[in-house]
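All values below were derived from every heavy atom in this structure, side-chain atoms included, with hydrogens, water molecules and symmetry-related copies excluded. By convention here, the first residue in the shown sequence is residue 1.
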Amino acid sequence: MDVFGTSLLIIGAEGLLVERTIDERVQIARQERPGAETVDLGPAEIADGKLAEAVGGSLFAASSIVVLRDLTALPPDQADLLVETADRPGDDLCLIIAHPGGVKGKALLDRLAKHQVRKVSVEAIKPWDMPQFVVVEGRRLKMRIDMATATALVDAVGADLYALSAAVNQLASDWPGDTLTPEVVNRYFSGRSDVSGFAIADAVMAGQSQQALGLLRWALEAGTAPMLITSALAAALRNQGRYLDLAAQRLSKGEIASALKVWPRKLDAIASQSRTWPAGRVAEAIGAVAQADAQVKGAGTDPGYALEHLLLSLRPTLE
């Protein structure tokens, strides 16, 4: 398969998966022509009009691999150049174009489609498929992870693919060839500052004030930055508020999970909490977190006291 003389359009908003698709194409091109020059243009370079220079050929190499990381950054006056180049890239050019999806730049996508530029769609991973993603990540690293352990890792780290991939890589490095269990995962990540923050937020949202206070004291003693705790609390409250809005629109469970980027067990918890976190209370709590956030960033003198006072005030209530 000769990828030179071709163009590939990759569409998708899941950054990690798009990057991997780009990297696979680049590796194929480098294997075909080891001497090819690679020009990788991010949004800033694209916006600065670097496309013409990139596709104009290299003074030092016969072949070029040109990657455009975000088509939406392309200046309008370079649209014709891109379409012409994508349609007829020349025998010495491998052109790779990424677009995050959405309506921005759709007219340019339509033009590329008319010229039958090959397109690959990178689908986002559904929240409920995150544990399976972890299993596959482990397999890539020759590491066996069962679904229970994968689920524990998603619970601990969250649904961000970059964070999950990094976590699996770290586990593979520290436990090569060993059998992982949910207990190992929970113990290993119990000291992560961001996990501590989210654990505190989960306790607050569940109405477990005393547990939240205990976790707070432990986190502060472990060196967790106070602003990470207010950030986690704000994220949990925003998620609750968004859930209330989406539920009011009578969306399905799957649609709400996708919009919130959470998987079913987490969505069930948010739905259950919505009975004791009505919209008015969520708004009040977000305001309280904002005040505490200002205090821990310098407006107050005692971040620990500010956080304890905040947790005591963040109590769910019935409407």
Side-chain angles (χ1 to χ4, degrees), residues 1 3 6 8-32 34 38 40 65 67 69-70 94 96-101 118-196 198-199 202 253-255 257-269:
M1 172 187 179
V3 298
T6 70
L8 179 66
L9 174 62
I10 303 168
I11 299 178
E14 197 69 78
L16 178 67
L17 302 183
V18 170
E19 286 179 12
R20 287 182 175 176
T21 305
I22 291 172
D23 290 345
E24 287 172 5
R25 187 76 168 183
V26 169
Q27 289 305 315
I28 292 172
R30 286 176 176 167
Q31 289 171 5
E32 290 181 2
T38 302
D40 198 325
I65 306 163
V67 180
R69 292 276 171 179
D70 188 349
C94 172
I96 306 167
I97 309 163
H99 186 280
R118 186 186 167 210
K119 179 176 73 173
V120 172
S121 295
V122 178
E123 299 296 331
I125 296 178
K126 300 292 189 295
W128 48 87
D129 288 332
M130 290 295 175
Q132 183 59 38
F133 169 79
V134 171
V135 171
V136 174
E137 283 293 283
R139 196 175 298 146
R140 290 177 68 243
L141 298 171
K142 297 180 171 50
M143 183 183 197
R144 185 180 180 279
I145 303 177
D146 61 27
M147 286 299 291
T149 303
T151 299
L153 187 60
V154 175
D155 282 341
V157 177
D160 181 83
L161 293 193
Y162 287 102
L164 284 172
S165 178
V168 174
N169 272 274
Q170 189 63 53
L171 288 168
S173 173
D174 291 350
W175 272 274
D178 289 356
T179 300
L180 279 179
T181 64
E183 291 73 25
V184 168
V185 167
N186 291 331
R187 185 171 66 250
Y188 186 81
F189 287 98
S190 63
R192 284 172 48 101
S193 59
D194 53 341
V195 172
S196 299
F198 287 116
D202 286 343
K253 183 177 179 179
E255 290 171 327
S258 295
L260 296 181
K261 294 187 177 180
V262 300
W263 61 302
R265 187 191 300 181
K266 184 65 174 177
L267 182 64
D268 289 342

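- Contact of the T6 side chain with the R25 side chain is registered, since non-hydrogen atoms from C-beta on lie closer than 4.5 Å.
- Using a 4.5 Å heavy-atom threshold, the side chains of M143 and E137 count as separate.
- Looking at every heavy atom in both residues, T149 comes nearest to P182 through OG1-CD, 3.3 Å.
- In this structure the side chain of L16 reaches within 4.5 angstrom of the side chain of S165, judged on heavy atoms.
- Between atom CD1 of residue I65 and atom OG1 of residue T38 there is a gap of 3.5 Å, rounded to the nearest 0.5 Å.
- Looking at L153 and L171, their side chains come closer than 4.5 Å, going by heavy atoms from C-beta outward.
- Here the closest non-hydrogen pair linking V184 and L180 is CG1-CD2, 3.6 Å.
- Taking the side chain as every heavy atom from C-beta outward, V18 and R69 never approach each other to under 4.5 Å.
- Here the OG1 atom belonging to T151 is positioned 12.5 Å from the CE atom belonging to M130, to the nearest 0.5 angstrom.
- Minimum interatomic distance between V154 and P131 (heavy atoms only, all atoms of both residues): CG2-N, 3.9 Å.
- Rounding to the nearest 0.5 Å gives a distance of 12.0 Å between OG1 of T21 and CD1 of I11.
- Going from atom CD1 of I22 over to atom CZ of R20 covers 13.0 Å, rounded to the nearest 0.5 Å.
- Between E14 and E123 the shortest side-chain heavy-atom distance does not fall below 4.5 Å.
- The minimum heavy-atom distance between A150 and I145, with the atom names listed, is N-CG2, 3.8 Å.
- Contact of the V168 side chain with the L164 side chain is not registered, since no non-hydrogen atoms from C-beta on lie closer than 4.5 Å.
- Taking every heavy atom of both residues into account, A257 and P127 meet most closely at O-CG, 3.3 Å.
- From K126, atom NZ reaches atom CD of Q132 across 14.5 Å, with rounding to the nearest 0.5 Å.
- Separation of atoms CG (L267) and NZ (K253) is listed at 6.0 Å; rounding is to 0.5 Å.
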